[in-house]
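Working notes, structure below.
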Amino acid sequence: MLFPKSEEYESRCVKRKVLLEALANELPEGTIRFSSKVVHIELSGYYKMVHLSDGTILKTKVVLVGCDGVKSVVGKWLGFKNPVKTSRLAIRGLTHYPQGHGFGKKFFQFYGDGVRSGFIPCDHNTVYWFLTHTSTELDEKTDPENIKEFVLNKLKDLPENITNVVETTDLDSIVMSRLKYRPPWELLWANIAKDNVCVAGDALHPMTPDIGQGGCSAMEDGVILARCLGEAIKAKGESDDEAESYKRIEQGLKKYAGERKWRSIDLITTAYTVGFIQQSTGKWMNLLRDKFLSSFLSRLLLKKSHFDCGSLVS
Ligand SMILES: Cc1cc2nc3c(=O)[nH]c(=O)nc-3n(C[C@H](O)[C@H](O)[C@H](O)COP(=O)(O)OP(=O)(O)OC[C@H]3O[C@@H](n4cnc5c(N)ncnc54)[C@H](O)[C@@H]3O)c2cc1C
């Protein structure tokens with residue numbers, strides 16, 4: 001199925017490395033400390049003592065924000081459970097075309113027979129593709145050559161220019177991972193923020209990749225968190241009162257948690273539902289999907305990304 005072009009919405013493919021470098025380059029040199037694995041968090045009055053695997057202990061002065069991914073140590077400290085594993089596996093790859101791929105800016109998506117796949121140009125010379133499935137033929141230890149063969153077999157009925165994308169993919173760009181998500185109801189009563197600690201990104205809302213919003217919503221978190229903290233710090237003014245500062249930060253984080261809770265629940269639930277319907281093998285569900293839901297689901301994918309999280313400064 002060709003993904004519908006929409007006048008209202010658009011999707012853009014951004015390479016993770018490029019995005020990370022752009023964000024890191026905005027920070028003063030030395031702000032980021034690499035290879036620092038957090039293993040334990042300890043309370044010490046208004047402060048948190050963050051223990052690293054090499055024995056170093058860092059003392060948080062203002063706030064501790066856990067952006068430490070799906071296995072978040074900070075999330076565990078706040079009381080979150082481990083994300084739930086689904087029976088679905090995602091295969092992803094990148095294909096380089098030195099002479100240009102010729103797909104323009106179109107995003108192609110296909111689904112049916114328990115498989116969902118997509119092909120998205122990143123730039124003039126690169127196409128990113130993915131395939132999700134529930135097959136038990138593969139597991140996380142399968143080598144890239146067999147994964148590629150599996151994908152080509154699943155996509156054999158698609159047009160040749162699409163299967164060629166997979167055929168010409170470098171084996172070392174192929175990755176496969178089991179999909180995980182946080183059951184949305186867990187967020188109803190969870191502590192997204194407590195004291196001067198909070199979580200953001202996958203640590204807060206790991207979701208299945210069906211609407212491509214995991215990384216995008218992590219950036220939404222970042223903007224809203226920065227705004228809430230900025231307001232709290234600005235309100236502090238010249239006051240040196242530690243208890244008052246702490247209270248303001250705590251309130252800023254509470255505001256952030258309130259703003260992100262329902263958005264997180266919405267995204268996790270939508271992603272799971274879209275994936276469930278698009279990858280279904282059931283006869284009736286397939287009929288319903290192909291006859292009535294396909295354009296709605298494709299539109300939903302674009303619509304959910306159209307979220308205004310406001311500006312950094314209020
Ligand atoms: C192959 C792939 C394709 C994806 N495609 C899309 C897409 O198309 N669109 C989209 O929006 N999202 C996509 N996602 C999801 C997106 O990448 C994630 O949602 C996003 O990276 C979450 O960002 P994060 O910073 O919260 O977590 P992560 O990117 O997981 O970063 C967590 C960081 O914390 C570090 N860390 C982990 N544990 C510790 C610890 N104990 N101590 C210190 N540091 C720690 C890790 O080393 C890492 O640097 C994709 C994910 C994958 C894997």
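Atoms within each ligand, like the ligands themselves, are counted from 1 in listed order.
Defined by atom type and a distance below 3.5 Å, a donor-acceptor pair is present between the side-chain atoms of Asn196 and Lys48. For the residue pair Thr270 / Asp266, a side-chain donor-acceptor distance below 3.5 Å is found, with atom types taken as modelled. Looking at Asp123 and Thr126, their side chains do bring a donor and an acceptor atom within 3.5 Å of each other. For the residue pair Asp143 / Asn146, a side-chain donor-acceptor distance below 3.5 Å is found, with atom types taken as modelled. Residues Ser72 and Asp68 have side chains that bring a donor and an acceptor to within less than 3.5 angstrom of each other.
Using the six-membered ring where Trp is involved, Phe108 and Phe103 have ring planes that are perpendicular, over 60° apart on the 30 and 60° scheme.
When distances from atom 45 (C) of ligand 1 to the protein are checked, a heavy atom turns up under 4.0 Å. Within a 4.0 Å radius of atom 14 (N) of ligand 1, the protein has no heavy atom. The presence of a protein heavy atom under 4.0 Å from atom 17 (O) of ligand 1 is confirmed.
Checking Thr208, Leu267, Val175, Asp68 against atom 39 (C) of ligand 1, the nearest heavy atom belongs to Asp68. If you check each of Gly75, Gly215, Cys67, Ala200 against atom 31 (O) of ligand 1, the one with the closest non-hydrogen atom is Cys67. For atom 53 (C) of ligand 1, the candidate residues are Lys37, Gln213, Arg16; the nearest heavy-atom contact is made by Arg16.
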>> For Ser87 and Thr136: C-alpha separation, side-chain torsions, deciding distance, then whether side chain to side chain contact (heavy atoms under 4.5 Å, CB included) applies.
In response: CA-CA 9 Å; Ser87 56; Thr136 49; over 6 Å; no
> Can you list the steps and then say if His124 with Tyr97 is a ring pair (Phe, Tyr, Trp, His ring centres under 6.0 Å)?
Replying inline: CA-CA 8 Å; His124 189 59; Tyr97 293 85; 9.9 Å; no
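Among protein heavy atoms, the minimum distance from atom 1 (C) of ligand 1 is reached at Arg92 CD, 3.2 Å. Nearest to atom 27 (O) of ligand 1 among the protein's heavy atoms is Gly69 CA, 3.8 Å. Remark: minimum distance from atom 5 (N) of ligand 1 to any protein heavy atom is reached at Tyr128 OH, 3.8 Å. Val38 N, 2.8 Å is the protein heavy atom nearest to atom 42 (N) of ligand 1.
For ligand 1, one of its N or O atoms has an N or O atom of Gly212 under 3.5 Å away. Distances between N or O atoms of Asp202 and those of ligand 1 include at least one value under 3.5 Å. Considering backbone and side-chain atoms alike, Ala218 places every N or O at 3.5 Å or more from each N or O of ligand 1. On a distance-only criterion, Gly214 and ligand 1 share at least one N/O pair closer than 3.5 Å.
Summarising the geometry, atom CG belonging to Leu179 is positioned 10.5 Å from atom OG1 belonging to Thr134; distances are rounded to the nearest 0.5 Å. With rounding to the nearest 0.5 Å, the separation of SG in Cys309 from CE in Met219 is 9.0 Å.
Ligand 1 lies out of reach of Lys71, whose nearest heavy atom is not under 4.0 Å from it. Within the 4.0 Å heavy-atom cutoff, Cys216 counts among the residues contacting ligand 1.
Look at Arg260 and Glu220 and you find a salt bridge, because one of the NZ, NE, NH1 or NH2 atoms lies within 4.0 Å of a carboxylate O, short of that distance.
Those atoms of ligand 1 that come under 4.0 Å of a heavy atom in Val73, given as number and element, are 41 (N). Which parts of ligand 1 touch Gly201 is read off a 4.0 Å heavy-atom cut-off, strictly below it: atoms 26 (O).
Using a 4.5 Å heavy-atom cutoff, the side chains of Ser117 and Trp129 are not in contact.
Under 4.0 Å from ligand 1, the heavy atoms of Ser36 that appear belong solely to its backbone.
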